[in-house]
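Below: one structure, written as structure tokens.
Along the sequence shown, residues are numbered consecutively beginning with 1. These numbers come from a predicted model, not from an experiment.
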Amino acid sequence: MEQKKNNFKIVSDKKARVILPNAITLIGVCIGLTSIKFAIDGKFAIAIIAILFAGLMDALDGRIARLIKGTSKMGKELDSLGDVISFGVAPALIMYFWNLQYLEKLGWFVCLIYVVCVALRLARFNINSDEESSWKDNFFEGMPSPAGGIILLMPLIFSFSGLGKFFPEINYDLLVPIFFIAVSILLISTIPTYSFKRIIIPRSMTKFVLFGIVIFFGALLVYTYKILAISCFVYLCLIPISYFHFKKIKKEKNITFDKDEGLEDIL
């Protein structure tokens, strides 16, 4: 009598696929926490790089999860908790140790405001992410927390970039609290900002896009803080553009649906 062979598995295929993106998320959390240690030691330049790597981990975990079909509710919640640490607590403390501690109670107060706004923004994102896919997926509601964490570091990045020689009269004691309040408002606002999730690139333009990416990252390696400062400035300039672009598409969609329901425009 033949005996059936039992296939022994430590974990199911589904659970195995979930492990990788969650591991990447946790690595990002560790990097974000380590950036705080660098800031405590006064190594602010390395702390900035650590936040960038945390942002890279945050960009990878969700895309890898969707690619290998390893998305899960735990991964979604873990990603949000990680973002609070890496792009909420960590940037706030880096800026606190660099500048805000000298403002005493005011400095700590604006740190608290920013971290609370990051938590509120992520809570709203988790609720809205359960909605069905649409053209609105090309836009975030408010500034995303990873972008907010990097933009918050912009005064610090600018101080390392060497571009300050063109603006010798910068008062960081005034500029940093203004950045904290402005970024906090953008995080919890409903201003649409580009998400860059569904970018469609024509095949004829692929080689030029790849060339541009190589040029950007090459320049980033050589002129790290200058490119970061310029990139932050460009991103801030894109916010009003994304707002008017969103309004334009929304108006076109409403007109389309009124004339012929069921048609779907491709962005």
Side-chain angles (χ1 to χ4, degrees), residues 52 55-56 58-63 66 76 79-80 83 87-88 91 114 117-118 120-154 157-158 178-217 219-220 227-267:
L52 291 179
L56 179 62
D58 181 70
L60 287 176
D61 59 5
R63 285 165 175 78
R66 288 188 291 271
K76 177 182 174 182
D79 185 65
S80 293
D83 285 356
F87 309 113
Y114 171 75
C117 287
V118 170
L120 291 173
R121 191 259 177 277
L122 289 167
R124 183 180 65 187
F125 175 78
N126 284 348
I127 295 172
N128 294 340
S129 62
D130 292 330
E131 298 177 359
E132 294 182 1
S133 298
S134 69
W135 61 273
K136 292 182 181 179
D137 291 341
N138 289 287
F139 298 90
F140 286 120
E141 187 177 2
M143 180 182 288
S145 54
I150 295 173
I151 294 296
L152 191 73
L153 298 174
M154 190 173 175
I157 294 171
F158 188 80
I178 290 175
F179 255 79
F180 265 77
I181 299 301
V183 173
S184 299
I185 292 172
L186 287 172
L187 285 166
I188 61 174
S189 71
T190 56
I191 297 174
T193 58
Y194 287 124
S195 70
F196 304 107
K197 285 184 177 180
R198 295 172 59 188
I199 301 175
I200 299 175
I201 302 172
R203 183 172 296 179
S204 60
M205 295 295 296
T206 302
K207 55 178 176 286
F208 297 106
V209 172
L210 291 174
F211 179 73
I213 292 173
V214 170
I215 292 295
F216 174 78
F217 280 99
L220 186 63
I227 298 300
L228 282 177
I230 294 171
S231 298
C232 289
F233 179 75
V234 170
Y235 181 83
L236 290 175
C237 292
L238 284 176
I239 293 176
I241 296 174
S242 64
Y243 173 80
F244 290 110
H245 188 196
F246 179 88
K247 292 296 182 183
K248 179 182 177 182
I249 296 176
K250 185 178 180 181
K251 184 178 179 181
E252 291 174 354
K253 287 286 180 179
N254 289 336
I255 294 172
T256 302
F257 290 151
D258 289 339
K259 290 182 179 180
D260 189 357
E261 280 192 44
L263 288 179
E264 183 180 355
D265 292 341
I266 300 175
L267 297 179

- Message: Can you list everything that forms a side-chain contact (heavy atoms from CB on, under 4.5 Å) with I241? Sequence neighbours excluded, please.
- Response: Y194, L238
- Query: Which atom pair, heavy atoms only, marks the closest approach of P146 to D58?
  - Reply: CG-OD2, 3.3 Å
- Task: For S242, enumerate each residue passing the side-chain hydrogen bond (donor to acceptor under 3.5 Å, both in side chains) test, keeping only those at least two apart in sequence or located in another chain.
- Result: none
- Message: What's the separation between atom OG1 in T193 and atom NE2 in H245, rounded to the nearest 0.5 Å?
- Response: 13.0 Å
- Heavy-atom check, side chain of M154 versus side chain of Y235, under 4.5 Å: no
- Got a second to check how far F87's CZ is from L122's CG, nearest 0.5 Å? 10.0 Å
- Query: In Å and rounded to the nearest 0.5 Å, what is the CD1 to CZ distance from I230 to F158?
  - Reply: 10.0 Å
- Query: What residues, two or more places apart in sequence or in another chain, satisfy side-chain hydrogen bond (donor to acceptor under 3.5 Å, both in side chains) together with D61?
  - Reply: T25
- Y243: what forms a side-chain contact (heavy atoms from CB on, under 4.5 Å) with it, not counting sequence neighbours? I191, P192, K247
- F125 side chain reached by D83 side chain, heavy atoms, under 4.5 Å: no
- Query: To the nearest 0.5 Å, what is the distance between CD1 (I151) and CG (L187)?
  - Reply: 10.5 Å
- Message: Could you measure the distance from the CZ atom of F140 to the OG atom of S145? Nearest 0.5 Å is fine.
- Response: 8.5 Å
- Is there a side-chain contact (heavy atoms from CB on, under 4.5 Å) between F139 and S195 once you walk through the steps? CA-CA 5 Å; F139 298 90; S195 70; 5.7 Å; no
- Partners meeting side-chain contact (heavy atoms from CB on, under 4.5 Å) with L210 (sequence neighbours left out): T206
- Task: Taking the side chain as every heavy atom from C-beta outward, state whether E141 and S189 have any pair of such atoms under 4.5 Å apart.
- Result: no
- Item | Atom CZ of F216 with >12 non-hydrogen neighbours under 6.0 angstrom | yes
- Distance-minimising heavy-atom pair for I188 and C117: CG2-O, 3.6 Å
- Message: Can you list everything that forms a side-chain contact (heavy atoms from CB on, under 4.5 Å) with L52? Sequence neighbours excluded, please.
- Response: I49, I150, L228
- Could you check if a side-chain atom of L152 sits within less than 4.5 angstrom of a side-chain atom of F180, using non-hydrogen atoms only? yes
